[in-house]
Amino acid sequence: MDNWLNVKVPGLPPLPVEPRLGGRALPRAVSLYVCGITPYDATHLGHAQTYLTFDYVVRLVRASGRTLRYVQNVTDVDDPLLERATEIGVDWRDLAREEIALYFADMEALRVVPPDHYVGAVESIPLVVDAVTRLLAVGAAYPVRTPETPGGAGAGDVYGSVAADALFWEELPIPARDALGVFAERGGDPARPGKRAALDPLLWRAERAAEPAWDGGPLGAGRPGWHIECAAIAEHWLGGVPTITGGGSDLSFPHHHMSASHLRQLGHPEPGMTMHVGMVGLDGHKMSKSLGNLVLVSRLRAAGADPRAIRLALAAHHYAAEWEWDDGQLVAAQRRLGHWLAAARIAGSSPRIPGGTPGSSAAGGLATLVATALAADLDTPAALDAVDRWADAVLARPEGDPGTVDPSAVDAVDALLGIDLRADPPAPDTRLANQVLSLPRR
Ligand SMILES: [Zn+2]
């Protein structure tokens, strides 16, 4: 499907860093799979923190001289989308189209580098049908008939069998005693009659009245389950288990665990790593659609916030941390941005003498300092500190001192942190404000 607009990333000299993420060194060739949105509501700051986290991964991996293949999906058909569309009385396809467009606008404003392939669930249905058919063939899946699925060409719903995966319990990322409760909380259906085990996940949902369905070949008409969607997309576009599978920490279980289990059953035993981004809270609660306590990126932008300041406010927190948003953080980020912009203006008007670097060691250079911080499990707060020190040093120069300037500093901030210090702040987008306000809300 369509992707959002590419971002121009300045080239940097090869940086001498060996990134370690989540305690693991990265190989020379990295594949990245990031679980994308279900397009039924606008991008809030929790989403932004997730997609910005993997934007830093993308920028770091490429700057370290590694190759990267990057896929992100969009779950453009699933229960939450259909439920929301019914609730607000719009066609689910229109809701998905509108929310995907708003997501793209947010990603473009934040200068997030797009994935190589942005892949939808609907367009991936043949991949899912193929994967589910293979799981049935090896005994890792089974049909469950229901009164609503009288059969016909297909066999009803299809469920994955957790008992067929020898590593399912060993690899479980949460205590086994919590698994059932978390599964039920996060879209699972432990009480569904006919399942062999309560944790068995849905792979294929047979057609129901008033629900969209697609030709599933041997499975009959229906639509994909969520975990198999990501497994099938990763298998097709990245050749199996991604080097890094990423998403919010609420995807750890069941979503990423189930997808990894499906991939093992599909013949991909290779190990991968997951990176999970901490939840962003507001007023003592996780920011979530169900609680309605959302700070939307598009609303901040419509109100005139500089997207660079939004980036800085979020990057001030380590990706794995759980933290609380308050508006004061945006004010502080705007102040920090102003400090950097003032330094960049001086840097832009100073002679560019390679090797001279106020505020950083000659061996360093700002690019290396920032990349070194990011290479240490994506320590974005330390990366921001490094730029602060560079800006302090530039601004502390006596007036009239032409000084010397790290020729790559502004490029480094742009390439590694996605902040263009050469650009003017964007004007508030009134068209966007109207668009945001016209979206139906609860
Ligand atoms: Zn996913």
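Quick note: residue numbers are just sequence positions, from 1. Order of appearance sets the numbers: ligands from 1, and atoms from 1 within every ligand.
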Open item on the list: For the backbone of Phe54 and the side chain of Tyr70, can you confirm whether one donor and one acceptor N or O come within less than 3.5 Å of each other?
Closed with: no
Open item on the list: Quick check on the Zn ion (ligand 1): does His256 put an N/O/S atom closer than 2.8 Å to it?
Closed with: no
TODO: If you have a sec, read the angle at the Zn ion (ligand 1) from Cys35 atom SG over to Cys230 atom SG, to 10 degrees.
DONE: 130°
Open item on the list: Is the shortest side-chain heavy-atom distance between Glu229 and Asp78 below 4.5 Å?
Closed with: no
- [ ] Taking all non-hydrogen atoms of both residues into account, name the closest pair between Leu374 and Leu60 and its distance.
- [x] O-CD2, 3.5 Å
Open item on the list: If we ignore hydrogens and angles and just use 3.5 Å, is the side chain of Arg208 paired with the main-chain N or O of Ala206 as donor and acceptor?
Closed with: yes
TODO: Would you mind naming the N, O or S atom of His255 nearest to the Zn ion (ligand 1)?
DONE: NE2
